[in-house]
Every structure is written in C-alpha cells, then in structure tokens.
*Asks:* 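Below you will find the structure I want to go over with you.
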Amino acid sequence: MPELPEVETVKKALAPWLTGRKVRRAGRVDAPEGPKYRGLERAAGQRIEAVTRLGKFIVMPLSGGDELVVHLGMTGVLTGEEPRDHVRVLVELEGRSQSRLWFRDPRRFGRFVCLGPGEREHLPTLARIGPEPLSDAFAVGAFAAALGKTRVAVKAALLGQRVVAGVGNIYADEALFRARIHPETPSSALARGRVAKLHAAIREVLSEAVADGGTTLRDYRQVDGSRGEHAERLMVYGRDGAPCPVCGRALVRTVIGQRGTTFCAHCQRR
DNA sequence: CAAGATTCCTGGTGGC
DNA sequence: TGCCACCAGGAATCTT
C-alpha cells in the first residue's frame, strides 16, 4: 500500500513538475460527488506553491490560501499519462507542456480534495497527524510518552498515525520485526529500551524503503510508471509460512486491528 | 474519550 | 474469457 516511502517517492517526482504551475481547472471525472473529492473547483486560477508530504498525505499549498490534498488510499496513482479507466480527478494546468495531472484510483479508497484555511478537520487524520519519522520532530522521549498513553496493541498504535506519521501495514510489521517486538504487546507496556529500538527500527526501515523508491506489491507505481524496488527486501510482510530470516522458524499470521499481521513468534517477544 | 467494529470498493485469487 | 464467494486494506464513521 502506499505508505510514507511510496508517497515520498511520488512527491519527489511531482514537485519539479507542478511547483509554480497555475491550475486552469480541477474536477472529478469518473467519480460521484462527495467528501472524497470535495472543493476541487476552487483550485482553478490558483498557483501551486509547493508539493509537500505529511505522513501519507500529499499537500500542495495554493497561492489563494487553499490547499490541494491527496491521499492515495490503496490503489491511487498520480500520473501525467492519461489512464484508460478509473480516472477520478483531472487537474489541468496553464501552459502547453505536461499540462494534465490524472488521479486514477480503481478502488476509490483515495481522496483528492481542495481545502480552505482551517478546513483540515474534514480530514481528521491529517488534522491530528503525528511527527514525521524521518525528521528531528520524531523524538524518542515524545514517542515513549505517546505510546505510554494507550494499552492498545503496539501495532495498532503505529497504524493510528497519531503517535508517528506515515507508517502503514507493511512498515509496521517490518519495524516491529527489526525491533524484536511482538505486535500484540500493549503499547504502554513497552520498556524504554524497547521503545528506543522501535524508534530506530522505524527510521531505518522507512529510510531504506525511500532509497528503494518504495515497495511495489501490485498497484503502487512511481510517477513514471516504474516499480519501487523494496518488495524484495521485505523480511516479514506477506511472507507468512516462510522461514524467519533470523531463526528459520515459520513466520505466522494473525489479525490486529482488522489488519493482517505477519511476525516471528520466536524472535518477537511481548 | 477510548477502543473496537463497520463501511467503503473492486481486482485478484482460489475453490469448485 | 467459467463462475463466484471471499479477501485485502487506510481512514472515516458508527457503536459500545
């Protein structure tokens, strides 16, 4: 799924293309009216001042004070080449070259909206997003304090986006494996040393995946259509039944917070 | 408020 | 081009 490394890769490709361009028109294509595509018409006439990322959200501040916000969901793809089907949003830019940005999203779990000042409450997760894991804002002390506030499974806490931004199902499993932490461990039960290991593991896993251009399992693609190469380096995600890379015992699968979870019951302890 | 459950959606998969 | 039930999953929304 598109998580921080995938969205970061997309953002890097979009930034040189879109920054400074003026929106001629933006709107829904093959999609029903609704909160997932709200307010797009308002982007017309405004210049894209920057292409940034907050967790899994792509945020583009506009010259008129609004902002375009995109979440890729599970299957969302941003592209400069016209897709054959499942186009949800089209943004037309002023100028002759590369003047169309398409949002293709077969499953429609993604969002593409234009928000005015103070309207981020329309995206509650964005409004309460946690610190960026690859920035200095992600401090061990604050991470420990946030984890200490709840007894939900540590994996569920990581997926919540409030303790740390941008971690999804793939990298939660990978980080917990590296930190040798059982995914069902109550968040607040983690000793400080283990929190520090998890903090480091999250940063390692995400930065390595960013260097690989993300993880392509099925739908995710870089903006130029190429695959992210991190899939072959995954140690546990999607590998249930395969041998643990460390101890060789079969990796097991369970469900935590309605999410498939793969881990090593021997190496990862509560 | 916290925590868990449900919902959205459709391509891919596996069983028959 | 066989048919079809079932699954995956991020975030919003609903329920407890």
Side-chain angles (χ1 to χ4, degrees), chain A residues 1-8 10 28-39 53-59 69-78 83-89 103-113 115 119-130 133 145-176 183-189 206 209 214-221 227-228 231 234 236-241 253-263:
Chain A
M1 317 317 117
E3 303 178 27
L4 186 151
E6 292 75 36
V7 180
E8 175 68 13
V10 169
R28 286 180 294 112
V29 181
D30 182 16
E33 196 175 347
K36 290 183 176 178
Y37 313 103
R38 75 187 305 278
R53 181 190 55 73
L54 287 174
K56 304 173 198 171
F57 294 88
I58 292 171
V59 179
V69 180
V70 187
H71 194 295
L72 301 176
M74 290 179 61
T75 57
V77 170
L78 292 167
R84 35 223 148 335
D85 54 9
H86 302 307
V87 173
R88 308 305 175 199
V89 173
F103 179 53
R104 177 177 191 264
D105 186 22
R107 262 179 219 181
R108 289 191 254 177
F109 271 35
R111 286 161 193 263
F112 199 136
V113 300
L115 302 176
E119 287 186 352
R120 284 195 184 177
E121 283 300 324
H122 287 292
L123 297 173
T125 301
L126 177 61
R128 281 172 272 284
I129 196 92
L147 289 174
K149 287 189 168 100
T150 174
R151 285 193 59 79
V152 298
V154 60
K155 168 152 179 186
L158 293 179
L159 294 179
Q161 306 302 301
R162 294 186 63 167
V163 170
V164 61
V167 176
N169 211 30
I170 297 172
Y171 301 111
D173 280 5
E174 294 296 311
L176 288 165
E184 286 171 342
T185 311
S187 172
S188 59
L206 293 177
T215 297
T216 295
L217 296 175
R218 182 170 299 144
D219 300 293
Y220 163 72
R221 284 293 187 282
R227 300 168 55 88
L234 295 178
V236 291
Y237 180 85
R239 300 189 64 244
D240 56 294
R253 181 185 164 86
T254 184
V255 174
I256 298 176
Q258 292 76 241
R259 293 287 171 277
T261 299
T262 306
F263 66 104

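The figures here come from the full heavy-atom set of this structure, side chains too, leaving out hydrogens, waters and symmetry mates.
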*Asks:* Can you tell whether the side chains of Arg128(A) and Glu121(A) come within less than 4.0 Å, N to carboxylate O?
*Replies:*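 A salt bridge is present here (some side-chain N lies under 4.0 Å from a carboxylate O).
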*Asks:* What's the CD1-P distance between Ile256(A) and dA3(B), to the nearest Å?
*Replies:* 15 Å
*Asks:* Taking only residues two or more places apart in sequence or in another chain, which ones pass side chain to side chain donor-acceptor pair (under 3.5 Å) with Thr125(A)?
*Replies:* none
*Asks:* Looking across every strand, which nucleic acid part, if any, lies under 4.0 Å from Leu123(A) by heavy atom: base, sugar-phosphate, or nothing?
*Replies:*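 Counting heavy atoms under 4.0 Å across all strands, the contact made by Leu123(A) is with sugar-phosphate only.
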*Asks:* Once you apply a heavy-atom cut-off of 4.0 Å, does Thr75(A) come out as touching a base, just sugar-phosphate, or nothing?
*Replies:* nothing
*Asks:* Could you pull out all residues at least two apart from Arg107(A) that satisfy side chain to side chain contact (heavy atoms under 4.5 Å, CB included)?
*Replies:*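 Residues passing side chain to side chain contact (heavy atoms under 4.5 Å, CB included) with Arg107(A): Met74(A), Thr75(A), Phe109(A).
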*Asks:* Quick check against the 3.5 Å criterion: does Arg88(A) have a side-chain atom that pairs as donor or acceptor with the backbone of Arg108(A)?
*Replies:*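 Flag not set: sc Arg88(A) to bb Arg108(A) has no pair under 3.5 Å.
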*Asks:* Starting at atom CG of Leu126(A), determine the distance to atom P of dA11(C), rounded to an integer number of angstrom.
*Replies:* 10 Å
*Asks:* Applying the side-chain contact (heavy atoms from CB on, under 4.5 Å) test to Ser187(A), which of Leu147(A), Leu158(A), Val163(A) qualifies?
*Replies:*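 Among Leu147(A), Leu158(A), Val163(A), the one meeting side-chain contact (heavy atoms from CB on, under 4.5 Å) with Ser187(A) is Leu147(A).
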*Asks:* In this structure, how many angstroms lie between the C1' atom of dA12(C) and the CD atom of Gln161(A), rounded?
*Replies:* 13 Å
*Asks:* Mind checking Tyr237(A) for me? I need base, sugar-phosphate or nothing, with any heavy atom below 4.0 Å counting as a touch.
*Replies:* sugar-phosphate
*Asks:* Quick one: pull up OH in Tyr171(A) and OH in Tyr237(A) and give me the separation to the nearest 0.5 Å.
*Replies:* 10.5 Å
*Asks:* Describe the nucleic acid contact of Arg253(A) in one word from base, sugar-phosphate, nothing, applying a heavy-atom distance below 4.0 Å.
*Replies:* sugar-phosphate
*Asks:* Distances for protein N/O vs nucleotides 4-8 of chain B N/O pairs under 3.5 angstrom?
*Replies:*
residue : atom : partner   : partner atom : Å
dA5(B)  : OP2  : Gln258(A) : OE1          : 3.1

*Asks:* Would you mind classifying the nucleic acid contact of Gly260(A) as base, sugar-phosphate or nothing, using non-hydrogen atoms under 4.0 angstrom?
*Replies:* sugar-phosphate
